[in-house]
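Working notes, beginning with the structure itself.
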Amino acid sequence: MKPAPFRYADPRSLEEALDVLAADPGAKVLAGGQSLLPLLAMRLAAPATLVDVNRVPGLDAVEVTGDGVRVGALVRHAQLLRHDAAARVQPLLARATANVAHPAIRNRGTTVGSIAHADPSGEMTSVLALTGGSVTVTTAAGRETVGWQDLFVGPLETSLSGGAVVVDAFFPALPERSGTAFAEIARRKGDYAVCGAGVVVTLDADRRVSAVRASYISVGLVPEVHDLTEAVAGKPVDSADWAAAGALARTLVDPDSDIHASADYRRLLVGVLTERTLADAAREAAERTAA
Amino acid sequence: MTTKLFGEPVRRREDARLITGRGRYLDDLGAGALAAAFVRSPHAHARVLDVDVEAALDVEGLVAIYTYEDLSGPMAEPLPVLIPHPQLHAPRTGYPLANGVVNHVGEPVVMVVATDRYVAEDAAERIVVTYEELPVVVGVDAAREARAWVHEDVPDNVAARHHQETGDVEPALAAAPHTLSFTQYIERSACTPLEGKGVLARWDADDGSLRVHSSTQASTSVRAAIAAKLELSLDRVEVIAPDVGGGFGVKIVHPWPEELLVPMAAIRLGREVKWAEDRREHFVSSAHERQQRQEITVGYDDDGRVTALDVHVWHDNGAYTPYGIIVPIVTATQLVGPYVIPVYRVVVESVYTNTVIVTPYRGAGRPQGCYAMERTMDRIADALGLDRADVRRRNLITPDQFPYDHHLTFQDGRPVIYDSGDYPGLLDKLVALVGWDEAEALRADARARGKLLGVGMALYVEGTGPGPYEGGHVQVLGSGKVLVSTGLTSQGQGHETVFAQIVASELGVPIDDVEVHTGDTRRFGYAVGTFASRAAVMSGNAVALAARGVREKAIRIAAEVLEANPEDLEIDEGLVKVKGTPGASVPLRTVAVLSNPLRYAFDEAARQATQFAGPGDDSKPPVAPGDAPGLEHRDYYSPIRSTFASGAHAAVVEIDPRTWEIDVVRYAVVHDCGNVVNPMIVEGQVHGGVAQGVGGALYERMAYDADGQLQNASFMDFLMPYASEVPDVVIDHQETPSPLNPLGIKGAGEAGVIPGTAAIASAIEDATGRRIASMPISPTELYDLMRDETAERTAASQETGVPA
Ligand SMILES: Cc1cc2nc3c(=O)[nH]c(=O)nc-3n(C[C@H](O)[C@H](O)[C@H](O)COP(=O)(O)OP(=O)(O)OC[C@H]3O[C@@H](n4cnc5c(N)ncnc54)[C@H](O)[C@@H]3O)c2cc1C
């Protein structure tokens with residue numbers, strides 16, 4: 001459990017980092033190391049060069065505007081979890097990061113790193129999808145915005161080229177008259193979820209349900225957003241049948257079996273968690289609509 | 001009087017060192033040593049056709065590569081069958097490095113030595129081993145069916161058939177008013193100490209001597225094994241167990257291949273060599289335990305009293321049997337627990353599989369035995385519609401029946417005779433502690449919160465402190481320091497504290513003057529090891545006897561100095577004094593000085609012991625015949641047989657009937673380990689045991705696939721419970737002293753883990769109304785069970801009204 005030999009680069013600017021990455025197709029970005037280092041130790045990955053971006057200035061900010069929250073590449077999960085202004089604009093951020101691993105890992109692991117890592121068991125990949133977010137990608141060639149639909153290709157696989165650095169992730173603000181909730185079930189507290197669910201419920205001005213979207217953790221190969229509106233569309237928020245939305249969700253997902261849970265069990269949890277989170281999210285949406 | 005230390009919750013003296021990073025674990029030693037890494041089999045069963053090391057040779061920093069071809073003499077022979085047994089008719093062991101065939105994933109094939117572990121792994125990665133895969137046997141059922149064989153010459157896969165019976169079971173069953181038959185399973189888990197195994201060896205070529213540090217539970221025997229395998233004289237080998245970061249049984253097995261290969265390489269290379277096991281290695285090449293299939297038939301009367309019990313166990317022993325059949329024998333003999341079983345027959349078939357070897361893991365076969373017996377009690381209660389506590393009470397051995405002879409033969413070849421106990425007392429305390437009789441109110445409260453609640457209990461009796469012996473040495477230095485040494489090792493249990501308490505109490509010295517050393521063959525050459533809840537019983541009594549020897553000598557010498565009658569003397573706070581005569585005293589340290597007549601006065605204290613220090617008696621030699629210089633004593637404790645501790649656990653679980661998550665909301669333990677030396681340490685042992693019990697019941701398993709690949713060989717997927725998964729434990733003690741040893745103590749190390757699986761299975765069954773016949777159980781499995789319309793329902797289910 002010792003990594004294979006690698007070169008280590010410690011750039012002090014983004015340009016320098018991009019140069020090293022461009023020069024070496026076997027190079028990989030190192031952020032919090034909470035996913036990459038275990039892979040190296042188990043020799044499941046053996047990059048020729050590690051480009052440690054931790055000393056690159058300007059990547060550690062959380063910027064909150066009315067449009068949403070922009071999270072810099074070096075922002076740790078813990079920092080986002082504690083960020084009240086971010087939570088006000090997009091409550092899913094704190095709700096989801098609270099479910100990422102344990103405090104020691106949240107103190108090092110970065111939110112952007114977990115998105116770049118593209119693990120369908122990660123919370124933040126799904127949150128990026130559910131909020132309709134995007135990432136800002138830089139390469140030696142320039143800078144571009146990549147929407148979540150174009151980012152996730154497969155488990156642990158993104159559309160980004162090896163030479164790219166994701167400088168930030170942008171999570172749009174929670175729309176008006178909307179509420180969110182996030183819940184997951186893990187075998188042990190802090191473990192990757194057996195199944196997790198994030199939801200957004202949006203009401204119309206009459207407090208009737210106008211949109212319901214959900215995204216699941218550890219269900220499927222890449223994060224997906226499921227529209228559950230039809231199960232409850234137009235229903236008054238207080239009497240909507242969230243169980244019907246849960247039942248619909250069960251038919252839309254395609255989970256896998258592994259040693260911790262069967263596909264059927266995951267499907268069961270999708271239904272239960274959908275129903276439970278929607279009830280919470282609807283309550284929040286109703287409060288925000290009343291206010 | 002000196003503060004009484006025996007029985008006090010003295011704080012652990014080792015903790016300050018261990019928790020501030022000043023422990024010295026194996027990998028903290030030998031900073032400049034060469035490092036070893038191993039190429040291990042990726043296949044569960046295969047022939048090794050070729051080992052090609054060519055590509056590794058140009059790795060910079062490579063020092064040596066060894067394969068089976070490089071082994072000679074006893075090293076080229078199979079590893080020892082450490083504990084032979086007449087019923088182990090087909091023992092098989094591996095070789096230090098694979099000789100032609102590999103029998104489980106993880107078996108060592110090639111050893112690489114390099115300047116550091118990174119380089120060693122780089123080289124290991126380049127070695128190409130060609131295998132021819134062979135059919136794989138995984139799991140006790142596949143072994144039993146024997147469509148494929150693990151060892152070519154063992155065509156039924158059966159290593160051992162162990163059989164004991166206390167009467168004629170068939171007629172007894174035929175005569176029973178009721179009988180029940182059922183089959184149940186229990187899965188594998190493992191010790192998984194936080195520190196894996198590790199070995200550091202240094203060869204002194206000038207002196208022809210070998211010093212080995214090993215993270216072991218048995219340094220004296222590792223020493224003997226190394227001497228035998230490497231053909232060295234015992235006096236040229238020393239083995240030291242440094243701080244050991246947990247053992248739980250896996251480190252009692254020896255010699256591990258690495259414990260021989262690392263010293264071999266050190267000798268051949270003339271350099272220090274170290275190997276520190278990594279986590280994956282630990283999962284695939286150390287040891288596991290617990291998988292059994294249990295076929296049980298019980299006869300009982302209308303009151304639920306057992307009249308006959310017939311048990312057939314299929315025990316998975318993994319690929320080899322280096323530790324003999326200790327685990328299945330313990331299952332067979334401890335299964336009967338605290339109950340009167342008029343006629344008992346047990347047959348254990350111990351079978352080979354292409355998986356990691358099975359050797360004792362804390363509890364060592366007892367959790368399985370307890371699971372068999374306690375689930376039988378639950379079934380009887382269910383069938384008769386009786387309370388589970390009542391059925392147990394009716395079957396208990398009563399206090400007037402001690403010593404109670406089960407007419408069985410224990411793992412140490414000695415009879416299973418319970419020395420003392422009060423089992424109805426345990427049960428009464430447990431019922432009160434957990435609120436057994438208020439379960440209906442708890443159930444209603446849970447139901448109101450949308451949860452299913454269940455309670456379960458399990459009782460056990462545990463043979464602890466088996467022989468053959470342990471020794472202790474106590475020496476008082478001229479400085480007043482009291483050195484205590486025992487050969488038995490420590491893995492963090494608190495031996496430094498407990499042995500110091502015992503010696504301080506026996507000798508009458510402040511505990512701060514006492515220094516304890518364990519597991520170092522340089523200090524104490526005769527020992528057995530730390531296993532079977534034996535440290536306190538064995539070494540505790542040995543150091544007590546040694547301290548009594550020192551006390552006697554100190555009093556004899558002091559009596560001369562003080563011109564007093566020895567009977568009038570006492571030792572208190574390190575002072576030997578005449579009872580009731582203030583001022584008439586001599587410090588123990590002075591007695592130590594005087595005990596050693598000197599010619600040379602190298603310091604002030606020594607001056608008092610020279611021949612001119614005082615008036616001598618010219619008619620006697622300075623050291624009397626039969627006496628020895630120095631204030632020290634060595635003694636041994638060798639028990640006639642094991643002493644039997646006991647306990648009762650109860651678990652309260654809540655289950656979410658929508659997600660089938662299982663939460664242990666209350667856990668109660670009543671514990672009897674005889675006289676308690678240190679209640680805080682005993683409670684710590686119980687807590688740790690319960691944590692492992694909960695782990696074994698709800699979280700941990702070895703997830704082998706059909707190809708013999710362990711799919712969860714990491715702490716990410718092997719679900720050792722976190723603190724967040726371990727319930728609060730409430731404990732009540734009962735103290736029934738053992739009549740067998742001077743201190744009246746019984747072992748406490750393993751107890752906490754034993755009833756966990758049985759009690760939690762019972763509670764889940766109570767909550768759901770579905771028969772739980774396979775443990776551990778996870779939410780996904782519980783869901784499968786609950787929606788399976790054909791799954792058997794227990795009588796209780798009609799009451800709990802579980803959704804179908
Ligand atoms: C015990 C444990 C439990 C965990 N549990 C969870 C959990 O429950 N949920 C969860 O979501 N995560 C969990 N994690 C993972 C954790 O959240 C990681 O922090 C996260 O997945 C990756 O972030 P990082 O900064 O550590 O990235 P690193 O490990 O440094 O990198 C991960 C990958 O992303 C790439 N990368 C990182 N940053 C960038 C960037 N700016 N641009 C381009 N590529 C980049 C790297 O090259 C690498 O391929 C757990 C980790 C551990 C060790």
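Chain identifiers are assigned alphabetically (A, B, ...) following the order of the sequence lines, protein sequences preceding nucleic acid strands; residue numbering begins at 1 within each chain.
Looking at A/Arg276 and B/Asp656, a side-chain N of the basic residue comes within less than 4.0 Å of a carboxylate O on the acidic one, giving a salt bridge.
Contacts between B/Tyr783 and chain A at a heavy-atom distance below 4.5 Å involve the side chain alone, from C-beta outward. Interface residue B/Ser724: only side-chain heavy atoms are found under 4.5 Å from chain A. Heavy atoms closer than 4.5 Å to chain A are found in both the backbone and the side chain of B/Pro779. Heavy atoms of B/Arg701 lying under 4.5 Å from chain A are absent altogether.
Chain B is approached within less than 4.5 Å, heavy atom to heavy atom, by A/Ile259, A/His260, A/Ala261, A/Ser262, A/Asp264, A/Tyr265, A/Leu268 from residues 251-268 of chain A, ordered by number. Contacts from residues 26-42 of chain A to chain B, taken as heavy-atom pairs separated by less than 4.5 Å, involve no residues at all.
When all heavy atoms of A/Lys189 and B/Glu725 are compared, the pair lying nearest together is N-OE2, 2.8 Å.
At least one donor-acceptor pair closer than 3.5 Å links the side chain of B/Glu121 to the backbone N or O of A/Lys2.
When each of B/Asp122, B/Asp278, B/Asp116 is scored by its heavy-atom pairs under 4.5 Å with chain A, the top score falls to B/Asp122. Of the listed residues (B/Gln711, B/Glu281, B/Glu125), the greatest number of heavy-atom pairs within a distance under 4.5 Å of chain A belongs to B/Glu125.
For the salt bridge (charged side-chain N to carboxylate O under 4.0 Å, His left out) test, residues two or more places apart in sequence or in another chain that qualify with A/Arg7 are A/Asp24. Residues satisfying the ring-ring contact (aromatic ring centres under 6.0 Å, His included) criterion with B/Tyr118, sequence neighbours excluded, are absent altogether.
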